[in-house]
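Values below: every heavy atom of this structure, side chains too, minus hydrogens, waters and symmetry copies.
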Amino acid sequence: MASISNVTFKQVRAFVAVVRCRSFAEAAAHIHLSQPALSIAIKNLESTVGGQLLTRTTRSFALTPEGESFYPTAQRLLSDWDNALSDLNNRFALRTGRITVAAMPSFAGNLLPIALKAFKTQHSQVKVALHDVIAEEVVSMVRSGQAELGVSFDPGEHEDLCFTPLFNDQFVAVLPKQHPLSQQTHIALTDLLKYDLLTLQAPSQVRQLINDWLVSQKLPFNPAMETHQLVTIGRMVAQDLGVSIVPSLCEQQMKEVGALCRPLKDKGLSQHVGIITRRRSPLSAAAQAMNAILQTTFVQADSLVSKD
């Protein structure tokens with residue numbers, strides 16, 4: 001007896017078609033086979049499993065007890081197979097599916113909805129799970145496979161990650177509304193650092209960028225207060241507890257909590273925002289579509305974030 005692993009879906013489909021149609025001729029037409037090919041398929045199936053499933057006469061056939069027992073299972077196998085292929089086709093055609101995206105809050109709460117709207121307009125049946133987490137967590141979620149796509153600052157060189165830049169984000173000064181510097185159109189770092197500086201806590205990438213830049217300019221980095229959330233910094237600044245420096249992506253959030261934003265005279269404090277993916281993990285069709293829309297939407301995103 002041949003190995004049962006040699007049974008094919010063509011053979012199972014031929015068997016089910018004959019039983020369902022009650023006729024070899026109708027079954028052959030139904031599954032688009034010639035009658036000889038249909039007969040051969042069933043004979044090969046019987047040979048592989050080790051016995052008859054059908055008893056034939058010149059005019060009719062009957063199921064053997066083994067055939068009776070196998071028929072419901074064969075129906076279920078074909079149904080599961082067809083459903084699996086249909087689901088797979090729908091996923092490739094973006095008629096169904098799910099994608100998980102991780103994005104830093106400053107992007108998730110300001111620009112990402114623009115891309116999400118474009119994505120849902122084109123692929124309304126695909127579900128999107130969004131995690132708005134700090135930049136470091138975006139990298140972690142992509143690396144672990146919890147998210148297919150991440151949007152964050154450039155994480156630097158990593159063997160297991162790819163970074164596709166979208167745009168360069170300039171940092172801005174954040175001030176209370178009645179601050180002495182509020183009348184200036186551009187703020188010098190030397191002037192800003194005369195006041196209490198509010199920053200994110202370590203290991204924030206935003207904090208590290210600010211620290212590195214100030215050190216490179218031989219300026220002091222001495223935070224007066226630290227917190228975990230940029231929106232908290234905005235509220236603290238609005239209450240005149242100090243000043244801050246944040247990515248311009250956060251400007252709308254800062255305004256909403258009552259703080260002012262002004263461009264910095266020093267243009268070197270900036271960072272690329274882009275898409276993070278796993279280097280050796282192919283993207284699903286849904287993730288590929290989201291990736292393309294992000295790049296199309298923000299190819300000129302410098303016009304969407306604060307500029308001079």
Side-chain angles (χ1 to χ4, degrees), residues 1-102 119-120 122-131 141-149 160 277-292:
M1 183 178 71
S3 170
I4 58 173
S5 62
N6 292 329
V7 171
T8 67
F9 269 92
K10 177 182 177 181
Q11 295 166 357
V12 176
R13 197 177 295 279
F15 168 71
V16 169
V18 169
V19 178
R20 185 177 292 160
C21 295
R22 311 302 298 179
S23 162
F24 274 77
E26 289 184 21
H30 180 70
I31 62 174
H32 309 292
L33 285 178
S34 67
Q35 286 193 53
L38 178 71
S39 296
I40 291 171
I42 292 177
K43 285 180 181 178
N44 287 341
L45 173 61
E46 292 175 327
S47 174
T48 302
V49 299
Q52 279 190 303
L53 300 173
L54 300 167
T55 58
R56 305 164 184 79
T57 67
T58 54
R59 293 187 178 181
S60 64
F61 72 90
L63 284 167
T64 65
E66 292 81 6
E68 288 276 8
S69 175
F70 178 58
Y71 180 59
T73 301
Q75 285 183 302
R76 187 171 64 253
L77 285 171
L78 290 181
S79 177
D80 289 346
W81 176 253
D82 289 341
N83 288 338
L85 290 179
S86 177
D87 179 67
L88 189 59
N89 178 257
N90 284 332
R91 286 178 180 273
F92 279 123
L94 298 178
R95 289 188 291 266
T96 187
R98 179 184 176 87
I99 178 176
T100 301
V101 178
F119 183 83
K120 295 302 288 185
Q122 296 180 35
H123 312 296
S124 60
Q125 301 305 308
V126 177
K127 296 180 180 179
V128 178
L130 172 62
H131 296 268
M141 290 188 71
V142 173
R143 174 172 281 138
S144 67
Q146 293 175 276
E148 279 196 90
L149 296 176
D160 58 335
T277 57
R278 285 195 291 176
R279 189 178 299 277
R280 287 175 284 275
S281 297
L283 297 177
S284 66
Q288 290 179 45
M290 177 66 80
N291 193 336

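When all heavy atoms of A287 and I99 are compared, the pair lying nearest together is CA-CD1, 3.3 Å. Minimum heavy-atom separation, V101 to A147: C-CB, 4.4 Å. The two atoms that bring A14 and A41 nearest to each other are CB-CB, 3.9 Å, heavy atoms only. Closest non-hydrogen pair, Q52 versus T64, comes out as O-OG1, 2.9 Å. When every heavy atom of L38 is checked against every heavy atom of F24, the shortest pair comes out as CD2-O, 3.3 Å. Nearest heavy atoms, V49 versus V7: CG1-CG2, 4.3 Å.
A 4.5 Å side-chain heavy-atom check between F15 and L63 finds at least one atom pair inside the cut-off. Residues M290 and V126 are not in side-chain contact: their nearest non-hydrogen atoms beyond the backbone lie 4.5 Å or more apart.
Counting heavy-atom neighbours within 6.0 Å of K120 NZ, excluding the residue itself, gives a total above 12. By the neighbour-count criterion of 12 heavy atoms within 6.0 Å, atom NE2 of H30 is sparsely surrounded, having that number or fewer from other residues, nucleotides or ligands.
Note that NE2 of H32 is 10.5 Å distant from CZ of R13, once rounded to the nearest 0.5 Å. Note: I42 CD1 to Q11 CD = 10.0 Å, rounded to the nearest 0.5 Å. Expressed to the nearest 0.5 Å, how far CG of L78 lies from OG1 of T73 amounts to 11.0 Å. Distance CD/Q125 to NE2/H123: 11.5 Å, rounded to 0.5 Å. To the nearest 0.5 Å, the span separating OG on S39 from CG on L54 amounts to 10.0 Å. For the atom pair L85 CG and F9 CZ, the distance stands at 8.5 Å (nearest 0.5 Å).
Of the possible donor and acceptor atoms, one in the side chain of S144 sits under 3.5 Å from a partner among the backbone N and O of M141. In this structure, the side chain of D87 does not engage the main chain of N83 through any donor-acceptor pair within 3.5 Å. A donor-acceptor pair is defined here as one N or O able to donate and one able to accept, closer than 3.5 Å; such a pair exists between the side chain of T48 and the backbone of N44. A distance-only check finds no donor-acceptor pair linking the side chain of Q122 to the backbone of F119 [under 3.5 Å].
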Under the side chain to side chain contact (heavy atoms under 4.5 Å, CB included) rule, what do N291 and L283 come out as? Steps first, then yes or no, please.
-> CA-CA 9 Å; N291 193 336; L283 297 177; 3.6 Å; yes
Would you please test E148 and S284 for side chain to side chain donor-acceptor pair (under 3.5 Å) and show each step?
-> CA-CA 8 Å; E148 279 196 90; S284 66; 2.8 Å; yes
Check the pair E46, R56 against salt bridge (charged side-chain N to carboxylate O under 4.0 Å, His left out), reporting the backbone distance first and the verdict last.
-> CA-CA 13 Å; E46 292 175 327; R56 305 164 184 79; 3.4 Å; yes
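Residues satisfying the side-chain contact (heavy atoms from CB on, under 4.5 Å) criterion with R20, sequence neighbours excluded, are V16, Y71, Q75.
With respect to D160, the salt bridge (Lys or Arg N to Asp or Glu O under 4.0 Å) criterion is satisfied by exactly one of R280, R278, R143, R279: R143.
When only modelled atom types and interatomic distance are considered, T100 and Q146 share no side-chain donor-acceptor pair under 3.5 Å.
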